[in-house]
Amino acid sequence: MERSILIIYTGGTIGMKQDPVDFTLKPFNFGQILSEVPEIRKFVCRVDTYSFSPLIDSSDAQPEFWIDLARLIKKEYANYDGFVVLHGTDTMSFTASALSFMLENLEKPVVFTGSQLPIGMLRTDGKENLISAVEIASAADEQGRPIVPEVTVFFDSHLYRGNRTIKYSAENFWAFRSENAPALADTGIHIKYNLDEIRYPKQYGNPLKISETLDTDVAILKIFPGMRENMVRALFATEGLRAVILETFGSGNAPTQKWFLDIISEADRRGLIIMNITQCIAGCVDMEAYATGIELKKMGVVSGYDSTLEAALAKLFYLMGKYADNDVVKRELNKNLRGEISI
Ligand code: ASP
């Protein structure tokens, strides 16, 4: 049977064009994207398109937008074998991370892609990204099951698990990296799938559910030398705050100044969730490696393991939306839910 793919266009550089008046890049009509890539019509699968309105620069993508996107995928889930989401690169890793948690029981590919140069430009990377993303989203095994039934990001020859990606370069076509997890596929003359790394449902046939309640009462504190006590106190005193992500040094280390540790232990006593992720783009938090890390562990700080910031934030929003009890959230944070951490 002919396979079918829905391309969802949300905005971003891939479909932007230069405004003749102020010369900034602004989104243009989606119909023009397909006229720029007539090759799409050569696919031996049905390719339909859906365009968000309004189209957005992904810097404007908020959790409400993630919910709209998840709802659209759920609404069209039975009608298509896979989905390609054209999205701005700036926050693509945030949206892909969020969707990986929000789409429960996912059995079909949701491939995010975009480009660094608009699709109408001669040297655009958008064409290759879009064509390969459609091919990957429609790829199936002999039983007709999708080869990559996950939320992924395809960019410049590499397919990554979405919740492992970060936007790495504002300049190069190889704009995304997944330093703590291998590529799920690489494209060259052939598309080589890394089948051992792809996550498959334990059991097929469960209906797709979307988790629409996200709790965003999270703050992020990037630790730095010279950090001021009054600034940290103000952040922890934020009204309604439920969780703080600490972006720590190296393998999860932070200063051992008394005032800092006092703030952390007091926050823990108040029941706040404090999650430790590293500022390094590769590697894992190990709070037992150094005396400066073990202090945090003693104060009840939860390890974020080798999570990206994007995945840590999305996981917190998702879990806090699901569970009112912070102890339950802390317990769930220690689990690998969608391949977002290596445990
Ligand atoms: N500012 C754009 C966006 O994220 C950048 C891009 O698409 O590459 O929407």
Side-chain angles (χ1 to χ4, degrees), residues 7-37 40 49-70 72-73 83-100 102 110-134 136-137 151-160 162-178 187 216 220 281 308-311 313-314 317:
I7 301 178
I8 302 168
Y9 175 48
T10 67
T13 297
I14 192 162
M16 288 189 184
K17 154 169 179 187
Q18 210 166 41
D19 186 300
V21 180
D22 66 8
F23 303 108
T24 59
L25 288 172
K26 295 198 174 128
F28 71 96
N29 182 298
F30 188 57
Q32 282 170 268
I33 285 209
L34 288 186
S35 62
E36 296 293 345
V37 196
I40 291 277
T49 58
Y50 176 92
S51 188
F52 264 68
S53 175
L55 296 168
I56 55 167
D57 183 295
S58 76
S59 300
D60 280 324
Q62 297 291 335
E64 295 72 30
F65 161 80
W66 303 341
I67 294 169
D68 287 346
L69 183 56
L72 173 67
I73 292 172
F83 300 85
V84 170
V85 182
L86 300 180
H87 191 288
T89 57
D90 290 347
T91 65
M92 190 185 291
S93 295
F94 286 95
T95 306
S97 296
L99 270 279
S100 77
M102 293 164 72
V110 176
V111 187
F112 279 78
T113 194
S115 69
Q116 294 281 59
L117 278 179
I119 211 151
M121 286 175 79
L122 206 53
R123 289 178 51 250
T124 185
D125 50 332
K127 269 192 188 191
E128 146 67 14
N129 286 347
L130 174 57
I131 291 168
S132 296
V134 171
I136 289 165
V151 177
T152 53
V153 166
F154 179 81
F155 228 88
D156 194 41
S157 325
H158 306 287
L159 182 77
Y160 298 121
N163 59 31
R164 291 300 198 135
T165 59
I166 54 163
K167 182 170 178 182
Y168 176 84
S169 175
E171 164 68 25
N172 292 334
F173 286 158
W174 187 10
F176 288 85
R177 292 286 197 282
S178 162
T187 63
T216 60
I220 299 170
I281 59 165
T308 61
L309 173 69
E310 291 83 339
L313 193 72
F317 285 3

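Counting starts at 1 for both ligands and their atoms, following the listed order.
A search for side-chain contact (heavy atoms from CB on, under 4.5 Å) contacts involving Ser59 returns Asp57, Asp90, not counting sequence neighbours. Listed by chain and residue number, Ser58, Ala61, His87, Phe94, Thr95 satisfy the side-chain contact (heavy atoms from CB on, under 4.5 Å) test with Thr91 (two or more places apart in sequence, or in another chain).
A distance-only check finds no donor-acceptor pair linking the side chain of Thr165 to the backbone of Ser93 [under 3.5 Å].
Between His158 and Tyr160, the ring planes lie parallel to each other; the angle is under 30°, not in the 30° to 60° tilted range.
Identified under the salt bridge (Lys or Arg N to Asp or Glu O under 4.0 Å) test for residues 122-132, with sequence neighbours left out: Glu39-Lys127.
Closer than 4.0 angstrom to ligand 1 sit non-hydrogen atoms from Gly12, Thr13, Asp57, Ser58, Gly88, Thr89, Asp90, Ser115.
Contact between Thr308 and Arg164 at its shortest, heavy atoms only, is CG2-O, 3.6 Å.
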